[in-house]
S.K.: 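Below is one structure. I have some questions about it.
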Amino acid sequence: MTACLQPADESNAVPPVPASLPPRQAEPEPRDFREGRAGFLHSWDMVTAVNGPGTRLTYFLAGCPLRCQYCHNPDTFCQDQAEQVWTEDLIRRVRRYRSSFLLTGGGLTLSGGEPLLQPAFAGRLLHSAHEMGVHTCLDTSGFLGALADDQMLEDIDLVLLDLKAGDEALYHQVTTQTLAPTLAFGQRLADQHKPVWIRFVLVPGLTDRPDNIRAVALRAASWPNVERVDVLPFHQMGRHKWETLDIPYQLADTPEATREQVEQAVAVFRSLGLNCPD
Ligand code: SF4
C-alpha cells in the first residue's frame, strides 16, 4: 500500500522560476543537456515504501537502451516525447520536500527508463540532493554502470539493481542486451561496499526456470553489500501502454506470477542467506 503525498496544487508541470533567479533562455540547448543543466524527464511521483525506504520523490528519466519484454513503462523507451526540464527546477522540488524526507527516512530516487542514459543530468541531481543531506537512490539495470563515475557513486546512498536473468542467453532474450555490464557494475558496487537492493522480476515461462532463479540468487549472494532482494511478480498492468504505442508485446498471453510462484522463488534466495522481506 502506498500513500500519495502529492500536494493538491502540485502537478507534473515544472514549477515556475521565481523572479529572483537570473533570466535564462526558455529552451535548453544541446550543451545544457550534455553538461547536465537540463534533461529529459518522463514524469515524477511522491510515494511511500516504493523505490527505496521512506517517503520518496522519484524522478523517472526518459530513455532506455534495454527493451525488456515485461517492461511496464514502454513509454519511457525514447526521449522524443519527454519533457525537457531544467535541473535546478527539479532540485528546487527536492529542497521543498527535504523535511518530509528527513522525517520519514526517505529521499530522492532516480528511476526511468534508465537514469544512467543521462549521466551528467543524473549526477547533478544526485550531487545536489546529497549536499543538502537528502538520502539518494539510483534505480538502474546497471547496463550503463560504466557511465556512473566515482563522484556519482559517492553521491548515491543506495542502488536498486535489477538482475533480470542469471545468464547471458536468457538476459539477451529478456532485454535484447548483454548481462556482463550489469555484473561488472554489481561487482564495482560490492568492492565499494555500496548498499544494494536487488530486484528480480518473476515472469512465468520466461525468468522462472529453477536454474535461472538459482543463478540470480547465487550472483546476489556473492555480493556482501546486498541488503535485500525483492522478487517482483510479473503483472499485466503495462499491457495497454504497449498497445497504445503500437509496439509488439510478446507477453500478451503470459499469466501473472502467483503468490505461490513468488514464494518458491523467495525460498531459493533465502536458502542462500539473502534477506527477502515479506
Ligand atoms: S530497463 Fe526498465 S525501463 Fe528499460 S526496458 Fe527494462 S524494464 Fe523498461
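The structure displayed is predicted, hence computed values, not measured ones. Numbering of ligands and ligand atoms starts at 1, following listing order.
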S.K.: Report yes or no: does a heavy atom of Asn73 sit under 4.0 Å from some atom of ligand 1?
M.R.: no

S.K.: I need the atoms of ligand 1 closer than 4.0 Å to a non-hydrogen atom of Phe77, numbered in the order shown.
M.R.: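 Per the distance check, 5 (S).
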
S.K.: Decide whether a cation-pi geometry holds between Arg67 and Phe77; the criteria are a distance under 6.0 Å from NZ or CZ to the six-membered ring centre and an angle within 45° of the ring axis.
M.R.: yes

S.K.: When you measure from atom 6 (Fe) of ligand 1 to every protein heavy atom, which one gives the shortest distance, and what is it?
M.R.: Cys68 SG, 2.3 Å

S.K.: For Asp211, does the CG atom have more than 12 heavy-atom neighbours from other residues, nucleotides or ligands under 6.0 Å away?
M.R.: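 Enclosed.
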
S.K.: Parallel, tilted or perpendicular: which one describes the rings of Phe60 and His42, with boundaries at 30° and 60°?
M.R.: perpendicular

S.K.: Is His72 near ligand 1, meaning one of its heavy atoms is under 4.0 Å from it?
M.R.: no

S.K.: Return yes when at least one N/O/S atom of Cys64 is nearer than 2.8 Å to atom 8 (Fe) of ligand 1, and no when none is.
M.R.: no

S.K.: Decide if atom CZ of Arg188 counts as having more than 12 heavy atoms of other residues, nucleotides or ligands within a radius under 6.0 Å.
M.R.: yes

S.K.: Looking only at protein heavy atoms, identify the closest one to atom 8 (Fe) of ligand 1 and say how far it is in Å.
M.R.: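 That would be Cys71 SG, 2.3 Å.
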
S.K.: Ring-plane angle category for Phe269 and Phe200, please: parallel below 30°, perpendicular beyond 60°, tilted otherwise.
M.R.: tilted

S.K.: Please check if the number of heavy atoms outside Asp191 that lie under 6.0 Å from its CG is greater than 12.
M.R.: yes

S.K.: Can you tell me which residue and heavy atom of the protein come closest to atom 3 (S) of ligand 1, and the distance to 0.1 Å?
M.R.: Gly113 N, 3.5 Å

S.K.: Suppose I only count heavy atoms of Lys164 and a 4.0 Å limit; which atoms of ligand 1 are within that range?
M.R.: 1 (S), 6 (Fe), 7 (S)

